Structure formats: C-alpha cells, structure tokens
Amino acid sequence: MSERYSIMDIQQIKQRFGIIGNSPALNRALEVACQVAGTDLSVLITGESGTGKETIPQVIHQNSPRKHNAYFALNCGAIPEGTIDSELFGHEKGSFTSAVDTRKGYFEVADNGTLFLDEVAELPLATQVRLLRVLETGEFIKVGASKVQKTNVRIIAATNVNLLNAIQQGKFREDLYYRLNIVPIVVPPLRERKEDIVLLFRKFAADFAEKYKMPSVQLSPEAKKTLENYDFPGNIRQLKNITEQISVIEQEREISNQVLYNYLPQRQNLPVLHQSASHSKSTSYSTDFANERDLLYKVLFDMKSDVNELKKLVNAMILGDVSSIPTAAMQQHIAYKGIPMVASPAKVFEPSKTPSIIDTQALEEEALSIPQKEEALIRKSLEKHKNRRHAAQELGISERTLYRKIKELGLE
Ligand SMILES: Nc1ncnc2c1ncn2[C@@H]1O[C@H](COP(=O)(O)OP(=O)(O)OP(=O)(O)O)[C@@H](O)[C@H]1O
Ligand SMILES: [Mg+2]
C-alpha cells in the first residue's frame, strides 16, 4: 500500500484536477483514491449520474507508479457491441469481414498502464467473460487468434447503474462484479454534500463569466439557501448547466431567489412520473430508462411552461385585455418555435416576446407533441455541440441512448 496521504495532499489533488468541494464524503472518496493508487488493485467507482466519477481514475493513475505509462479512458456505452471485443482485445487479420489488418486492442497498448472502463455495466455479457479472464489471469486472446497473450493492466471501472440490481436481472456477471469491486469508491450525490453546492456554483459562474466575457453572476443570501436545499437529480452536471443558463440569460448579475427558482425544475409537480422515479431509486441509480425519463421530464417541463403561457394568454383574451395580443397576429397562423434546450424557466409572460398567436388549438397541439419536442431537443443539442458525447451529457442521457435516438429519428 502507498503511504497515508495527509489533508494537504488531498487539497493539492483538488487543485491539480479542478475538483471543487470540501465535504467529508468527497474528501473520503479522494482519500481512498490516493490510498489505493500505489497498488494494482481493481477499483469500482459508483455514484449517480453527474456526480464527478470521471476524474477519480485520473487521480489514481497520476498518483500511481504507472503514471509515466499509458492511461486510456474507454466509454463502454459508446462502443458498438459488434466491435467492442476487437477494441479491447484486438483482432487478427481476416477474423471478420472488415479486419483487413491485425490490430492491437487496449489491453495490449495499455500494458503496464491503466485502463478506465467507464459505464462498465454496458459491456455485453460475452465481453464480460473475456474481461474476467484478463483480470484473473492477466491473459487474453485477440479476436480470431489462438495465441494467448499476457498483459499487465490496472483496471478502474465506473458506473451509475446499481450493479447488484443488474446482476439480479442477469445483465451483469456476479463474478466480474466481485473481481472489479475489490476497492469500492462511492461518489456521493450533490444533495448529500450541500456544503459544496455554493462553492461549485461560484466556480462555474466564474468560469462562464470568463467564457462569455461578462461579470460573474452572484446569488442573494436567500437564493443560496434555495440552491442548497434543491435535490439536484442531475447532480453537478445539472448545477453546471443551470449556472450556464443563468449566466447567459439573466441581465441582472445579482440572482434573486425568485429568479433562481425559475431555473430549478420541480419534480414533485409531476406526481405520476415522480412516483415511478422514486420507486426505481432503491434499485437503480440510473438506467437507460432513467435517462429517457429525464429527457421526458425536460420535455414535460418545457410543455408546462408553454401551457402556463397559454393560460395567461387565454385569460387575457377572456378578460378582453387584447392590448397584450398583437392584432395583426389575429389573422395569422401560429409560428411557434420556442423550444428551450433544457427545462425552461417558467418566465413571466411578456407579450412583446411571445410568438404571434391566433390558433390556440394549433398551439396546444404543438405544445403537446412529446416526440417532436424530444427530436427538437436532440437536434438542437447536436447542432450546438457537434459532438455526441457532449450532447448526450447536456441532454442527461447516455451516449448509447442518444445513438439509438439518432437512428430512430433518422437524424444522421
Ligand atoms: N468536484 C467537482 N468540481 C468541479 N466540477 C466537477 C466536480 N465533479 C464533477 N464536476 C463536473 O461535473 C460534470 C459531470 O461530471 P462527470 O462527467 O465526472 O460525471 P459522472 O459521474 O461521470 O456522470 P455519468 O454517470 O452520467 O457519466 C463534469 O463537467 C465535471 O467536470
Ligand atoms: Mg461519466
């Protein structure tokens, strides 16, 4: 084992890797990472989506005797099932149609280094068998080969899926789970480290101020309390997105409680869906279903704010307050394209900014079309990022789900 790391070392690590926060649970996770770094033990990092699992393997590698050797991070969820064995273990020339050359896999090129298998629960069962063999014997065989090869790779895996649940469902091998989980590191959800929330907001606000070349947004004392008491289903990733939205959209740099509240989706407003969300909590951190559910939430939140605006408009019409409705628009059909990227703040109705409206039926139909909104969200995110991984992160779904959606919707 490596020597014990003092708190000072942990602080240095945070600085070096840009890790913000000082909660006991975060410090504990980093301490375990440091203690295990000097060994070759397998590490399994678990925690909800968006909690910051991806930095931990780098901390381990950089503090290990392997630090001058290769480090590869592989997203198992993003590699098509048909090629994953070849990616990991390599293949022989001619072993399948497109294998025009012999190719080395990660277990060969990462020899003496570290391999980070992110979203490890996404590995197909057949690949899990091969992985178990390498972990147990240090041996692997290229696809289409007969020669056994040796390798010395340190494995770190991460997942936001509850693997015990996946084992019960027959999706993950129990023996592999125990082999990977020699040292578990749990990255806590943000709601369990409330003291880090404002620190993170401040850091992200400063980063976005620099990025967008404007003064940093600041929270009023009440807004700080509201933020600390929010449950952040999307964890740090969600906090980062919210901070970016506020930084870009709000003119006033001091953020009041009321303004902030508009950016925090309230899940409890959706009783049926919320019930199933909390029901699944005990069995799964986040699955593809949960990812899709989150996307659905976003769509529903958008729809809710659309419907609120509609209600206000209809009320204004009933009360005869036509001054807020452009008369020319009365003759037009609706031209409604306002689809925000993420759960849109329920903004106060501003007549000058609303689309031209006469056919409220058409508007309602448009507002109620979930598949269309979902497609629009995905399109917008892809256009914005030009990168599937980033788009998937913003949408709060896995890359594999996004890949499937792109196919389903014919967006390629
Ligand atoms: N302690 C932290 N300080 C600063 N930024 C952080 C911290 N933890 C996470 N982040 C940021 O939050 C975002 C989400 O983190 P990350 O990608 O590691 O999540 P994850 O746990 O891997 O989630 P998923 O399971 O969905 O892949 C990233 O932009 C990351 O930089
Ligand atoms: Mg991740």
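All of these numbers come straight from a predicted model, not from anything done at the bench. Atoms within a ligand are numbered from 1 in the order they appear, just like the ligands themselves. Index from 1, following the sequence.
Residue Lys240 touches ligand 1 through its side chain alone, judged by heavy-atom distances below 4.0 Å. If you look at Leu200 next to ligand 1, the close heavy atoms, those under 4.0 Å, all belong to the side chain. Neither the backbone nor the side chain of Phe17 has a heavy atom within less than 4.0 Å of ligand 1.
Close approach of ligand 1 to Ile19 is summarised as follows: ligand atoms under 4.0 Å from at least one heavy atom of the residue are 1 (N), 3 (N). Remark: ligand 1 atoms within the under-4.0 Å shell around heavy atoms of Asn160 are 24 (P), 25 (O), 26 (O). Listed by number with element, the atoms of ligand 1 under 4.0 Å from a non-hydrogen atom of Ile20 are 1 (N), 2 (C), 3 (N), 4 (C). Using a 4.0 Å cut-off to heavy atoms of Phe204, the atoms of ligand 1 that qualify are 5 (N).
By heavy-atom distance, the residue among Lys53, Lys14, Gln393 lying nearest atom 25 (O) of ligand 1 is Lys53. Residue nearest to atom 14 (C) of ligand 1, selected from Arg237, Glu48, Glu119: Arg237 (by heavy-atom distance).
In terms of polar-atom proximity, defined here as any N/O pair under 3.5 Å, Asp118 makes no such contact with ligand 1.
In terms of protein heavy atoms, atom 26 (O) of ligand 1 is closest to Ser49 OG, 2.4 Å. Scanning the protein for heavy atoms near atom 9 (C) of ligand 1, the closest one is Gly52 CA, 3.4 Å. The protein heavy atom nearest to atom 22 (O) of ligand 1 is Glu54 OE2, 3.1 Å. The protein heavy atom nearest to atom 8 (N) of ligand 1 is Ile236 CD1, 3.3 Å. Of all protein heavy atoms, the one closest to atom 23 (O) of ligand 1 is Gly50 N, 2.7 Å.
Rounding to the nearest 0.5 angstrom, the gap separating the CG atom in Leu402 from the CD1 atom in Ile397 is 4.5 Å. Put simply, CD on Glu195 and OG on Ser23 are 5.0 Å apart, with the number rounded to the nearest 0.5 Å.
If you look at Glu54 and ask which of its N, O or S atoms sits nearest the Mg ion (ligand 2), the answer is OE2.
Inclusion of Glu119 in the first shell of the Mg ion (ligand 2) is not supported: no N, O or S atom falls under 2.8 Å.
Using a distance-only test at 3.5 Å, with no hydrogens or angles considered, no donor-acceptor pair links the side chain of His61 to the main chain of Gly113. With hydrogens and angles ignored, the 3.5 Å screen pairs a side-chain donor or acceptor of Arg253 with a backbone N or O of Glu250.
In summary, Glu54 and Arg389 engage in a salt bridge, as defined by a charged side-chain N under 4.0 Å from a carboxylate O. A salt bridge does not link Lys53 to Asp118: none of the charged nitrogens lies less than 4.0 Å from a carboxylate oxygen. Between Lys405 and Glu374 there is a salt bridge, since at least one side-chain N of the basic residue sits less than 4.0 Å from a carboxylate O of the acidic one. A salt bridge is absent between Lys225 and Glu222; no separation between the charged side-chain nitrogens and carboxylate oxygens falls under 4.0 Å.
The closest approach between any non-hydrogen atom of Gly18 and ligand 1 is below 4.0 Å. Ligand 1 does not have Gly21 within reach: every non-hydrogen atom of the residue lies 4.0 Å or more from it.
Distance check on atom 30 (C) of ligand 1: every protein heavy atom falls at or beyond the 4.0 Å cut-off.
Using the six-membered ring where Trp is involved, His385 and His390 have ring planes that are perpendicular, over 60° apart on the 30 and 60° scheme. Using bins of under 30°, 30° to 60° and over 60° for the plane-to-plane angle, the ring pair Phe72/Tyr106 lands in the perpendicular bin. Taking the six-membered ring where the residue is Trp, Phe204 and Phe208 present tilted rings, their angle falling between 30° and 60°.
Side chain to side chain, Thr83 and Ser86 fail the donor-acceptor criterion of an N or O pair below 3.5 Å.
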